[in-house]
Amino acid sequence: QVQLVESGGGFVQAGGSLRLSCAASGRTYSIYAMGWFRQAPGKEREFVSAITWSPGTTSHADSVLGRFIISIDNAKNTVYLEMNSLKPEDTAVYYCATSSVRRMSQDRDMYNYWGQGTQVTVSS
């Protein structure tokens, strides 16, 4: 199994920035990619960004392209999501997840381990 611990959520005004972290432990050798998803109240969980464990290929949802940056520190088994130019519509619980499927995917069903989530609130 893989255990994931997220941190870095909080409250920020529109236009501000936050950085989320997700530390993985356990069977990290099974991880092909790590992704971030988010879920706003009354909405389905949606894909935000993902990165392969190595060589660090990335994918972003159109809604965050150019504003969010995903990166990985393999030595620390940690993935980061740098969120800039935040908007009120970015408000959600953000979840980190891992996939062992050996291709990049935006489909949440391809991700098998999930963190507990961290709240991000952006005020207008």
Side-chain angles (χ1 to χ4, degrees):
Q1 289 191 347
V2 175
Q3 293 78 41
L4 301 171
V5 178
E6 300 124 331
S7 61
F11 183 92
V12 66
Q13 290 188 333
S17 299
L18 283 174
R19 189 177 81 156
L20 305 182
S21 300
C22 176
S25 60
R27 294 187 169 184
T28 57
Y29 59 82
S30 69
I31 299 172
Y32 178 77
M34 295 185 71
W36 287 97
F37 292 76
R38 66 187 182 186
Q39 188 167 18
K43 295 187 177 181
E44 291 192 353
R45 193 170 298 187
E46 64 175 6
F47 172 79
V48 176
S49 301
I51 187 168
T52 58
W53 197 256
S54 179
T57 305
T58 62
S59 176
H60 295 277
D62 289 344
S63 59
V64 305
L65 196 61
R67 299 189 298 125
F68 290 11
I69 301 170
I70 189 170
S71 61
I72 190 167
D73 185 333
N74 295 100
K76 296 182 178 180
N77 291 339
T78 299
V79 170
Y80 304 95
L81 185 68
E82 184 77 29
M83 305 185 295
N84 302 305
S85 301
L86 283 162
K87 305 175 182 180
E89 50 263 45
D90 294 319
T91 295
V93 177
Y94 283 70
Y95 297 90
C96 175
T98 66
S99 173
S100 57
V101 176
R102 303 196 71 75
R103 60 179 175 84
M104 179 70 79
S105 176
Q106 298 186 358
D107 182 352
R108 63 177 185 261
D109 291 336
M110 296 293 106
Y111 291 77
N112 47 351
Y113 293 105
W114 294 80
Q116 79 285 358
T118 185
Q119 177 70 47
V120 172
T121 303
V122 184
S123 67
S124 57

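Nothing here was measured: the structure is a model prediction, and the numbers come from that model. All residue numbers refer to positions in the sequence shown, counting from 1.
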So, does [X] use its side chain to make a donor-acceptor pair with the main chain of [Y] at under 3.5 Å?
| X | Y | answer |
| --- | --- | --- |
| Tyr111 | Trp36 | no |
| Glu6 | Cys96 | yes |
| Ser30 | Ser100 | no |

Which distance, rounded to the nearest 0.5 Å, do you find between the [atom1] of [X] and the [atom2] of [Y]?
| X | Y | atom1 | atom2 | result |
| --- | --- | --- | --- | --- |
| Thr28 | Met34 | OG1 | CE | 9.5 Å |
| Leu81 | Ile51 | CG | CD1 | 10.5 Å |
| Asn84 | Leu18 | CG | CG | 9.5 Å |
| Leu4 | Asn77 | CG | CG | 10.5 Å |
| Ile70 | Thr58 | CD1 | OG1 | 7.5 Å |

Is the Phe37 ring parallel, tilted or perpendicular to the Phe47 ring (thresholds 30°, 60°)?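 Because their plane-to-plane angle is over 60°, the rings of Phe37 and Phe47 count as perpendicular.
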Same cluster for [X] and [Y] if Ile/Leu/Val/Met/Phe/Trp/Tyr side chains link at under 4.5 Å?
| X | Y | value |
| --- | --- | --- |
| Tyr80 | Trp53 | no |
| Met83 | Val93 | no |
| Val79 | Tyr95 | no |

Per-pair distances, 0.1 Å, donor-acceptor, side chain in residues 117-124, under 3.5 Å, sequence neighbours excluded:
{"unit_1": "Thr118", "atom_1": "OG1", "unit_2": "Gly9", "atom_2": "N", "d": "3.3"}
{"unit_1": "Gln119", "atom_1": "NE2", "unit_2": "Ala92", "atom_2": "O", "d": "3.4"}
{"unit_1": "Gln119", "atom_1": "NE2", "unit_2": "Thr121", "atom_2": "OG1", "d": "3.3"}

Give the minimum heavy-atom separation between Gln1 and Tyr113, together with the two atoms involved.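 Nearest heavy atoms, Gln1 then Tyr113: CA-OH, 3.4 Å.
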What's the shortest heavy-atom distance between Ser49 and His60, and which atoms?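 Shortest heavy-atom separation between Ser49 and His60 comes out as OG-ND1, 2.7 Å.
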Do [X] and [Y] come within less than 4.5 Å of each other through their side chains, counting heavy atoms only?
| X | Y | result |
| --- | --- | --- |
| Phe68 | Leu86 | yes |
| Tyr32 | Val101 | no |
| Tyr29 | Val2 | no |
| Glu82 | Ser71 | no |

In chain order, what residues pass the salt bridge (charged side-chain N to carboxylate O under 4.0 Å, His left out) check against Glu89, with sequence neighbours excluded?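 So Glu89 forms no salt bridge (charged side-chain N to carboxylate O under 4.0 Å, His left out) with any residue.
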Report the residues that fulfil salt bridge (charged side-chain N to carboxylate O under 4.0 Å, His left out) with Arg67, sequence neighbours left out, ordered by chain and then residue number.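 Checked Arg67 against salt bridge (charged side-chain N to carboxylate O under 4.0 Å, His left out); matches are Asp90.
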Option from Arg108, Gln39, Arg38 for which side chain to side chain donor-acceptor pair (under 3.5 Å) with Glu46 holds: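 Output: one option passes, namely Arg38.
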What do you reckon, is CD of Glu44 surrounded by more than 12 foreign heavy atoms closer than 6.0 Å?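 No.
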